[in-house]
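Order of the sequence lines sets the chain letters (A, B, ...), proteins ahead of strands, with each chain counted from 1.
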Protein chains: 2
Amino acid sequence: MAMHKYEKISVPVIRRLPRYYRFLGELLAKGVTRISSRQLSDKMGFTASQIRQDLNCFGEFGQQGYGYSVESLYNEIGHILGLDHSYKTILIGAGNLGKAVAVHMSFEKRGFQLIGIFDNDSQKIGSTVRDIVVTDLDDLETFCGKNKVDAAIFCVPKSAAQKIAGRLYNLGVRNYWNFSHYDLTVDYDDVIVENVHLNDSLMVLCYRMTKEYEET
Amino acid sequence: MAMHKYEKISVPVIRRLPRYYRFLGELLAKGVTRISSRQLSDKMGFTASQIRQDLNCFGEFGQQGYGYSVESLYNEIGHILGLDHSYKTILIGAGNLGKAVAVHMSFEKRGFQLIGIFDNDSQKIGSTVRDIVVTDLDDLETFCGKNKVDAAIFCVPKSAAQKIAGRLYNLGVRNYWNFSHYDLTVDYDDVIVENVHLNDSLMVLCYRMTKEYEET
DNA sequence: TCCATATTGTTAATTTTTTGTCAAATCAGT
DNA sequence: ACTGATTTGACAAAAAATTAACAATATGGA
């Protein structure tokens, strides 16, 4: 039923989906059962028109004169995002950032399952993070031989990222969530990289603060 | 000299600035002294036209027939971003994520200076992160009375964020870098919030992985 | 059942963003 | 100093994204 129109969905629309999902989740938790695009628009700061247009990329989830059922829209968007998958995922780097990511993300609710953590620091190897034992990075090949790994999370220094990406590519891993302060670029077009640049976000904050002061 | 045109700069342009800064930093580190928009375009995956247009929002930094001086363009963009400031900043929350942020970000190079860390967990209070002693969150008012705080970083649970934001607003803090899985919304329009939603990024990765599989 | 109200899905208009083009300017070699 | 190759900055064109408008349809109460 959800197989509606499959023209390519634009990047801005895709980036708004998790936001819809988040707000609908909050409404659901509050026990709200129905909502109109107008009400959502007030809450989220998008226009009602945009919300309707975004949703219509994927199907017709609302009902004229009524609006949307919070629960079923929440589920639909979750499904569109693919959160009902359970992609097997490993984490590379068990430093502060790696641990924070491992502990804070509820991977299971986001379509992923964390099945291994690797580091090359002998101090960390053998320790436990979120019930997973940190393994020597040298054992990556062995591990990937035994387990089908769908995605890898990079919480390693910039200098190490590209090399490890190469190893993982050879092991069949094609999807990367990258925190390494470095734009992972891979020549193969079957690879998906989601780069997270916390520094960029911080610099944007700096820009906005600076401009604010200049204007006043 | 940099006071060129101050029509409002669009959000997409602003979000690309840190990226330029990053790539130019890498070129600088490699000892490259000059670069053309075309060469940058090959490296970064934007069109040359876009790069020139973006830069021209702020001034004329290039020279016809030559291109741009890597070093001076790097410095100009750093200045545009406001990285030569030193905004006094506090971190709220010294858990895994807070520690990771404190340790990984070179605030000094990004226009900020970390001057305090707060938590309400007695286990953490008194411990040291990056040479800063973690202080009781109850002492926030005292601290802000003694120190002018420009910005605050939120690494606290969703449930705590909004309340702490209110306290900080009353203490005169107007700028927030928010990791709390919650869109901080403040009614006052002198407030700047940069929300970081790691979950959103993860969900986008999930979407892209899912679509990839569907298409093939 | 009927009517006034609400709200969607869709198409059209508008706005914003990106890309293409080119004259003017600089550079490098002779 | 002259010439051909580059490359910018500016403007024009194209593409993309957002907003507006509205017919079609459902709701809820009389």
Value in whole Å for how far the P atom of D:dT18 lies from CD1 of A:I9: 13 Å
So if I define the base as every atom that isn't primed, P, OP1 or OP2, how would nucleotides 13-22 of chain C read as a B/S/- string at a heavy-atom cutoff under 4.0 Å? ----SBBBB-
Provide, to the nearest angstrom, the distance between the CZ atom belonging to A:R34 and the P atom belonging to D:dT27. 9 Å
Taking the six-membered ring of B:Y207 as reference, does the cationic atom of B:K211 (NZ for Lys, CZ for Arg) lie under 6.0 Å from its centre and within 45° of its axis? yes
Below the 4.0 Å mark, does D:dT8 have OP1 or OP2 next to a side-chain nitrogen or oxygen of B:N56? no
Salt bridge flag under 4.0 Å for residues B:K88 and B:E108: no
If we ignore hydrogens and angles and just use 3.5 Å, is the side chain of A:R34 paired with the main-chain N or O of A:V70 as donor and acceptor? no
Of all the nucleotides listed (D:dT27, C:dC27, D:dG9), which has the minimum atom distance to the side chain of B:E60? D:dG9
CD1 of A:I14 versus P of D:dA17: gap in Å, rounded? 10 Å
Using the benzene-type ring in the case of Trp, are the ring centres of A:F118 and A:F143 under 6.0 Å apart? yes
Assess whether a salt bridge exists between A:R52 and A:D54, defined as any Lys/Arg side-chain N lying under 4.0 Å from an Asp/Glu carboxylate O. no
Rounded off to whole Å, could you give me the CD-to-C1' distance for the A:Q63 and C:dT7 pair? 10 Å
Counting only side-chain nitrogens and oxygens, does A:Q64 get under 4.0 Å of the OP1 or OP2 atom of C:dA6? no
Measure CZ/A:R15 against C1'/D:dT18 and give the value in whole Å, please. 18 Å
Not counting sequence neighbours, which residues clear side chain to side chain donor-acceptor pair (under 3.5 Å) with B:R19? List them please. A:D183
Expressed in angstrom and rounded to an integer, what is the separation of B:F61 atom CZ from D:dT8 atom C1'? 13 Å
Nearest-Å distance, CD1 (A:I51) to P (D:dA20)? 13 Å
Could you check, using the six-membered ring where one of them is a Trp, whether A:Y20 and A:F46 have ring centers closer than 6.0 angstrom? yes
So, is B:Y68 close to the D:dG9 phosphate, meaning a side-chain N or O under 4.0 Å from OP1 or OP2? yes
